[in-house]
J.: 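Before anything else, here's the structure in question.
The shown structure was predicted, so the numbers you read here are calculated from the model rather than taken from an experiment. All chains are named by letter (A, B, ...) in the order of the sequence lines, taking the proteins before the strands, and each is independently numbered beginning at 1.
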Protein chains: 2
Amino acid sequence: MNENGEVFSGGEIAVDGDRIIHVGPAGSTTGDFVAEKTTGGDKMVALPGFVNCHTHASMTLLRSYADDLPLMKWLQEMIWPFEDNMTSDDNYWGAMLCCVEMIMSGTTTFADMYMHMDRIAESVEKSGLRAVLSRGMIGIAPNGPQALEESKEFIKNYNGTAEGRIKCMFGPHAPYTCPPEFVQQAMEYAKELNVGIHIHLAETRGEFTDITEQYGKTPTQLMDSIGLFELPVLAAHCVHLDDKDIEILSTKKVGIAHNPESNMKLASGIAPVQKLIDAGAVVGLGTDGASSNNNLDMLEELRSASFLQKVSTEDATALPASAALGMATREGARVLGMEKEVGMLKPGYKADIILIDMDKPHLYPLHNPASHVAYAASSADIDTTIVNGQILMENRRLLTVDVDEICAKAQECADRLVKEAAGK
Amino acid sequence: MNENGEVFSGGEIAVDGDRIIHVGPAGSTTGDFVAEKTTGGDKMVALPGFVNCHTHASMTLLRSYADDLPLMKWLQEMIWPFEDNMTSDDNYWGAMLCCVEMIMSGTTTFADMYMHMDRIAESVEKSGLRAVLSRGMIGIAPNGPQALEESKEFIKNYNGTAEGRIKCMFGPHAPYTCPPEFVQQAMEYAKELNVGIHIHLAETRGEFTDITEQYGKTPTQLMDSIGLFELPVLAAHCVHLDDKDIEILSTKKVGIAHNPESNMKLASGIAPVQKLIDAGAVVGLGTDGASSNNNLDMLEELRSASFLQKVSTEDATALPASAALGMATREGARVLGMEKEVGMLKPGYKADIILIDMDKPHLYPLHNPASHVAYAASSADIDTTIVNGQILMENRRLLTVDVDEICAKAQECADRLVKEAAGK
């Protein structure tokens, strides 16, 4: 996809090391460049890899574990008792399973918030993906202060590692779990280490009402009042916003991770995405964790984002195909502050590229490649995934990880955790 | 999936001729039954094939041809000029492409309304699918009366053909294109030939307002007032309904085809599906045509149906996985009046069966098969599709049709039609 949101086809992309050095018609790469390897084919189109702006990688272990439940019952009776027993190894195998699924569905960068982040970093290092990692912190929990110190250590140790594929942020969970003083402490540390903040914001109607009652300010305005948005911020969800919230988020260029399928499945609400975009906000896409989605499929996510905006605004022109594809790539990179590195197919950008095989019956006849990709393609049509110049998947075959081992280990971890949660 | 909406696994299904004769644990088929052929495997689960209650098969030729446009601009400037030039052969190749995609995504029965229905019947006959076919009739068009006579001929010639795989209905397009007298004429003919009526109903807010202004009755109440619902009726969309409409549709057991993705993409609105179900209505699922979807993927459709009900009712327990799977199978069969033949895995039922390969990373770990299928699986995970006891696809390989020829022909037809539409 070039800058105009078009899917790239009928040409060639030259990669040297970890960077794109040329994008143009077939045969247009000049100079003495000789490709060591070529991949792709006539029926393939290229896009920048998808940027999944909000997920909880290890929660793939909870996929389909607890569905169709009201939010609090889901959290309190199912998710938390399961998570309570999750070990460092569980987190690692859950994250590895997540990495496999993301590579296979064309995600090249993801933003994660969870526990045992050193093990998530290990999965990123091994799988070859690019990630922005945050240790989730609950300010009202007894271990809140400890979590802050551990986050600091984690960021010092991991920010910029894995050939630069790993970046870090502080992760105060949400305004309703982290009082302003706690968020401010995280902000101080973030300034000190020159990193951003990843937070859940205005996800549910309950949060909006409770915070507004408690502080006399909406969640967005509360966070604005303590200066949060002067820092680089990745705000997940942003579903319940008033007009002033929209103005704040847009003016302060807060990175918004829109998670339509999670918001639908958990009945959280419909984020005013078209309004945010019209106001100049920076909006990317996320899948959220697999327990509230239940897959990590960004193609499905961008389709849902588009369709949901169209129906909720009663305007069939809302969030068109090219804009939805842009959200999943270029805008996602802006949300993560990586817009000069990834999200576009341009010389100088990191070689994070996916190839989609258009030679599938459900992609015939070919009228408009961008519409086909946005509205008809499936993640199984993604043939090749490249990150940082390294091919992670080619012809649907994974090259950096042992899929069978990962699936077996994930099943083993999940089975044990189910038993332990039931034994409580 | 058995009667309780559970996905069937860990057992065997015996088929004799076109019927299921046994469903049970491995090794439980008794008597002197010896399988000529076995298919499937340990990691497969079985479901009844999907029933797509509303589509326009030949419109696959218009996939991604006109997207992100307001409804009337879409219809008047793009769709109709394209359709004006569609020949009998165009309809055939469009329908064949549709059949390929449906087989590959697990649909075994579809209900169609379009033109040149003899050629759609030919595609059904050849591909091995099961279908309910209606020639679409515009009552206010000059050829309205002729369309009625042609429909009658078509139904006489084709109802019950293709080893019983083809059934027919009359297809008055919609209340806003077919005045009551025209619908009544179709009803007379339908009674005479003992078939049902397939109609679009209450799809858009505009239709609801216009009909209510013109007749002093909602579209649903107008159709009720002329006795339409005393016949077997397949009503597509039913988005804009008042409480009395819901009561009528539920009491009269009108077959409702809910098309969530089309309703989202065209910004038509959100059908009150949970309310209809609570009132006892019969609600199945449809994809609508590929030009307003843009694929014919029933797994994606049932996921969208579930998620859309959850978010629009602000209730995460609305339309749970098993209910959504039921809508796509058993309830769809009820909508088409075929509930004694298809839609369940039960002895005596037609052998319309799909096998889903659960050995995919995005389907690990396995907690709940129904949730996995409803919320995480992709149509590419469907390994095997069987209709009327005949295997149409096995291990993703199509056995009744030449996919390459069909894709090439469909592209050829589409290219010519685009040129002709542009030349207008």
Side-chain angles (χ1 to χ4, degrees), chain A residues 60-61 63-65 67-71 74 97 100-101 104-105 205 261 263-270 290 293-297 300 304 307-308 310-311 313-318 320-321 359 361-362 364-368 371-372 375-376 378-380 403 406-407 410-411 413-415 418, chain B residues 60-61 63-65 67-71 74 97 100-101 104-105 205 261 263-270 290 293-297 300 304 307-308 310-311 313-318 320-321 359 361-362 364-368 371-372 375-376 378-380 403 406-407 410-411 413-415 418:
Chain A
T60 48
L61 291 188
R63 191 201 313 274
S64 301
Y65 169 63
D67 293 314
D68 306 315
L69 295 172
L71 183 68
W74 175 74
L97 182 61
V100 167
E101 184 180 351
M104 294 184 81
S105 53
R205 191 180 296 284
E261 297 203 331
N263 296 159
M264 292 174 89
K265 182 158 179 282
L266 297 177
S268 305
I270 301 175
N293 191 298
N294 286 354
N295 57 37
L296 307 169
D297 183 331
E300 193 180 285
S304 292
F307 287 4
L308 190 58
K310 290 176 190 301
V311 76
T313 60
E314 295 198 24
D315 177 2
T317 70
D359 193 18
H362 59 275
Y364 274 89
L366 186 59
H367 291 294
N368 179 336
S371 275
H372 262 14
Y375 298 144
S378 143
S379 63
V403 179
I406 291 167
C407 289
Q411 185 70 54
C413 295
D415 288 345
V418 168
Chain B
T60 47
L61 291 189
R63 189 200 315 275
S64 301
Y65 170 62
D67 292 315
D68 306 315
L69 296 172
L71 182 67
W74 176 73
L97 182 62
V100 167
E101 184 180 352
M104 295 185 80
S105 54
R205 190 181 296 284
E261 297 202 331
N263 297 159
M264 293 173 88
K265 182 158 178 281
L266 296 177
S268 305
I270 301 175
N293 190 301
N294 288 352
N295 57 38
L296 307 169
D297 183 331
E300 191 181 285
S304 293
F307 288 5
L308 189 59
K310 290 175 189 307
V311 77
T313 60
E314 294 197 25
D315 177 2
T317 70
D359 192 18
H362 60 276
Y364 274 88
L366 186 59
H367 291 293
N368 178 338
S371 274
H372 262 15
Y375 298 144
S378 142
S379 64
V403 179
I406 292 167
C407 290
Q411 186 69 56
C413 295
D415 288 344
V418 168

J.: Counting only heavy atoms closer than 4.5 Å, note whether Glu261(B) contacts chain A via side chain, backbone, both or neither.
T.: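 Glu261(B) touches chain A through backbone and side-chain heavy atoms alike.
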J.: Once side chain to side chain contact (heavy atoms under 4.5 Å, CB included) is applied, do any residues pair with Asp415(B), and if so which ones, sequence neighbours excluded?
T.: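 Applying side chain to side chain contact (heavy atoms under 4.5 Å, CB included) to Asp415(B) gives Gln411(B).
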J.: Under the criterion side chain to side chain contact (heavy atoms under 4.5 Å, CB included), I'd like the reasoning laid out for His362(B) against Asp297(A): C-alpha separation, chi angles, the key distance, then a yes or no.
T.: CA-CA 9 Å; His362(B) 60 276; Asp297(A) 183 331; over 6 Å; no
J.: Need one label for Ile406(A): side chain, backbone, both or neither, based on atoms under 4.5 Å from any heavy atom in chain B.
T.: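 For Ile406(A), no heavy atom lies under 4.5 Å from chain B.
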J.: Search all heavy atoms of His367(B) against all heavy atoms of Ser64(A) and return the closest pair with its distance.
T.: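 Minimum heavy-atom contact is CB-O, 3.5 Å.
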J.: For residues Ser378(B) and Ser378(A), report the shortest heavy-atom separation together with the two atoms involved.
T.: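 Residues Ser378(B) and Ser378(A), closest heavy atoms: OG-OG, 3.6 Å.
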J.: Do you know which two heavy atoms are closest between Arg63(B) and Tyr364(A), and how far apart they sit?
T.: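 Looks like NE-O, 2.8 Å.
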J.: So which of Val100(B), Leu366(B), Leu308(B) has the biggest tally of heavy-atom pairs under 4.5 Å with chain A?
T.: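 If we count pairs closer than 4.5 Å to chain A, Leu366(B) comes out on top.
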J.: As an exercise, state the distance from CD1 of Ile270(A) to CD of Glu314(B), rounded to the nearest 0.5 Å.
T.: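 Interatomic distance, Ile270(A) CD1 to Glu314(B) CD, rounded to 0.5 Å: 9.0 Å.
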J.: Among Ala267(A), Ala290(A), Ala318(A), which residue has the highest count of heavy-atom pairs closer than 4.5 Å to chain B?
T.: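 Between Ala267(A), Ala290(A), Ala318(A), the count favours Ala267(A).
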J.: Of the backbone (N, CA, C, O) and the side chain (C-beta and beyond), which part of Leu296(B) lies under 4.5 Å from a heavy atom of chain A, both, or neither?
T.: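 Looking at Leu296(B), nothing touches chain A.
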J.: Top residue by heavy-atom pair count (under 4.5 Å) with chain A, among Cys407(B), Ala380(B), Ala414(B), Pro320(B)?
T.: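 Maximum pair count with chain A is reached by Cys407(B).
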J.: In Å and rounded to the nearest 0.5 Å, what is the CG to CG distance from Asp315(A) to Leu266(B)?
T.: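 Here the rounded value is 12.0 Å.
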J.: Tell me the closest heavy-atom pair linking Ser371(A) and Asp67(B), and the distance in Å.
T.: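 That closest heavy-atom pairing would be OG-OD2, 2.7 Å.
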J.: Return the minimal non-hydrogen interatomic distance between Thr60(B) and Pro365(A), and the atom names on each side.
T.: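 Heavy atoms of Thr60(B) and Pro365(A) come nearest at O-CD, 3.1 Å.
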J.: With a 4.5 angstrom heavy-atom cut-off, is it the side chain or the backbone of Asp359(B) that approaches chain A, or both, or neither?
T.: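 Looking at Asp359(B), nothing touches chain A.
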J.: For a quick test of reading the model, state the closest non-hydrogen atom pair linking Pro361(B) to Val403(A) and the distance between them.
T.: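 Where Pro361(B) meets Val403(A) most closely, the heavy atoms are CG-CG1, 3.7 Å.
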J.: Kindly compute the distance separating NZ (Lys310(B)) from CE (Met264(A)), expressed to the nearest 0.5 Å.
T.: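 Interatomic distance, Lys310(B) NZ to Met264(A) CE, rounded to 0.5 Å: 10.5 Å.
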J.: Name the region of Thr317(B), side chain, backbone, both or neither, that has any atom closer than 4.5 Å to a heavy atom of chain A.
T.: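 For Thr317(B), backbone and side chain are both near chain A.
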J.: Counting heavy-atom pairs under 4.5 Å with chain A, which one of Lys265(B), Glu101(B), Glu300(B) comes out on top?
T.: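 That would be Lys265(B).
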J.: Counting heavy-atom pairs under 4.5 Å to chain B, which of Asp68(A), Val311(A), Asn293(A) comes out on top?
T.: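 Among the listed options, the one with the most contacts to chain B is Asp68(A).
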